[in-house]
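Note sheet for the following structure.
As a basis for the values below, the full set of heavy atoms in this structure was taken, side chains included, without hydrogen atoms, waters or symmetry mates. Computed from a predicted model, the values in this text were never measured in an experiment. Lettering of chains follows the sequences in order, A, B, ..., and the numbering in each one begins at 1.
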Number of protein chains: 2
Amino acid sequence: MSQSLDTTFAALADPTRRAILSMLLEDDMAVTDVAEPFEMSLAAVSKHLVILTKAGLISQEKRGRVKWCKIEPNAMKDASVWMQSFGQFEELDMDAFERFLETELGV
Amino acid sequence: MSQSLDTTFAALADPTRRAILSMLLEDDMAVTDVAEPFEMSLAAVSKHLVILTKAGLISQEKRGRVKWCKIEPNAMKDASVWMQSFGQFEELDMDAFERFLETELGV
DNA sequence: TGCATGTTCAACCATTTGGTTGACGATCAA
DNA sequence: TTGATCGTCAACCAAATGGTTGAACATGCA
């Protein structure tokens, strides 16, 4: 169930949430581990995860005490399609992708 | 000059602004004409246009009394690329992507 | 049982956002 | 010059956003 473009774009507008998505690209993570690198409270990160979940960008599953977060890349599809309707950048642009890696991940 | 992902995604998160972009896809428009279909004040639409301009998603040029608005589709490129870096996982093999990151970028 | 760990909840706060209105400056046209 | 039109500005407002803290709940373990 893809969410509205409102919800998706709003969720992606926050750098903390985009960083979380990048982290989850590597592997599924527990909430506490997601929060670790950020200089904000666990509760704040937990709220970000709720927003990402409501946007459908991640899913959360509780196993025991631990709640695991998993990225849901399909949720970005509608938004991606919307943007592509503006044309001219359909294919993955490697230069731009590398710039993204530099700025977002510090690679 | 593409703006930050923050600014771009935040600009795209509002339905009025996305509607404006769709309208401008058809043709360049004057501010008053952009505002016409919306049930809000001209000042409110004018503010939306400022936000779109700051995000680099449109440009504005004054000719005489009239300020013309023009879409700048390239501004969406970075954001689109960012999203596609996730969307690729639908079609592409994740292991292959990670090998790509290792070999191409040394991540 | 009892304590430590993982996570959320509730209340609160400051800032931002998206809207309003009325006044204003700039431009065109008679 | 005198209006009418185009668009922004300034002040204001309600609601949403992103953060805090402390308490609470749920689970695992000695």
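Under the 4.5 Å side-chain heavy-atom criterion for ILVMFWY residues, no single connected hydrophobic cluster contains both A:I71 and A:V50. Under the 4.5 Å side-chain contact rule for hydrophobic residues, A:F38 and A:V31 share a cluster. Hydrophobic clustering keeps A:I51 apart from A:L49 (ILVMFWY residues linked when any side-chain heavy atoms are closer than 4.5 Å, directly or through intermediates). Residues A:W68 and A:V45 are members of separate hydrophobic clusters, defined by side-chain heavy-atom contacts under 4.5 angstrom among Ile, Leu, Val, Met, Phe, Trp and Tyr. Hydrophobic clustering (side-chain heavy atoms under 4.5 Å, transitive across Ile, Leu, Val, Met, Phe, Trp, Tyr) groups B:M23 together with B:L25.
A:F38 places its CZ atom 17 Å from the C1' atom of D:dT20, with the value rounded to the nearest Å. Note: CD (B:E36) to P (D:dG7) measures 13 Å, nearest angstrom. Look at CD on B:E61: it is 13 Å from P on D:dG7, rounded to the nearest Å. We find that NZ of A:K47 is positioned 10 Å from C1' of C:dC12, with the value rounded to whole Å. Protein atom CG of A:D14 is 17 Å distant from nucleotide atom P of C:dT15, rounded to whole Å. Separating the CG atom of B:L49 from the P atom of C:dG18 is a distance of 13 Å, rounded to the nearest angstrom. Atoms CG (B:L52) and P (C:dG18) sit 11 Å apart, rounded to a whole Å. Atom NZ in B:K54 sits about 12 Å away from atom P in D:dT8, given to the nearest Å.
With rounding to the nearest 0.5 angstrom, the SG atom of A:C69 is 4.5 Å from the CD1 atom of A:I58.
As judged by a 4.0 angstrom heavy-atom cut-off over every strand, B:A43 is placed among the base-contacting residues. Residue B:R63 is out of contact with every strand shown, counting any heavy-atom pair closer than 4.0 Å.
In this model, the phosphate group of C:dG19 is not approached by any side-chain N or O of B:S41 to a distance below 4.0 Å at OP1 or OP2. Side-chain nitrogen and oxygen atoms of A:H48 include none within less than 4.0 Å of the OP1 or OP2 phosphate oxygen of D:dT17.
You'll find the side chain of A:R18 reaches within 4.5 Å of the side chain of B:L5, heavy atoms only. Here the side chains of B:T32 and B:V66 are not in contact, with every heavy-atom distance at 4.5 Å or above. Two residues are said to be in side-chain contact when any heavy atoms from C-beta on lie closer than 4.5 Å; B:L57 and B:E72 fail this criterion.
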Are there any protein N/O atoms within less than 3.5 Å of an N/O atom in nucleotides 1-7 of chain C, and if so, which ones and at what distance?
residue: C:dT5; atom: O4'; partner: A:R65; partner atom: NH1; Å: 3.3
residue: C:dT5; atom: O2; partner: A:R65; partner atom: NH1; Å: 3.1
residue: C:dG6; atom: O3'; partner: A:R65; partner atom: O; Å: 3.4
residue: C:dT7; atom: OP1; partner: A:V31; partner atom: N; Å: 3.4
residue: C:dT7; atom: OP1; partner: A:K67; partner atom: N; Å: 2.7
residue: C:dT7; atom: OP1; partner: A:K67; partner atom: O; Å: 3.3
residue: C:dT7; atom: OP2; partner: A:T32; partner atom: N; Å: 2.6
residue: C:dT7; atom: OP2; partner: A:T32; partner atom: OG1; Å: 2.2

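Comparing the local axis fitted to the first five base pairs of the helix from C:dT1-D:dA30 to C:dA30-D:dT1 with the one fitted to its last five gives a bend of 10°, rounded to 10°.
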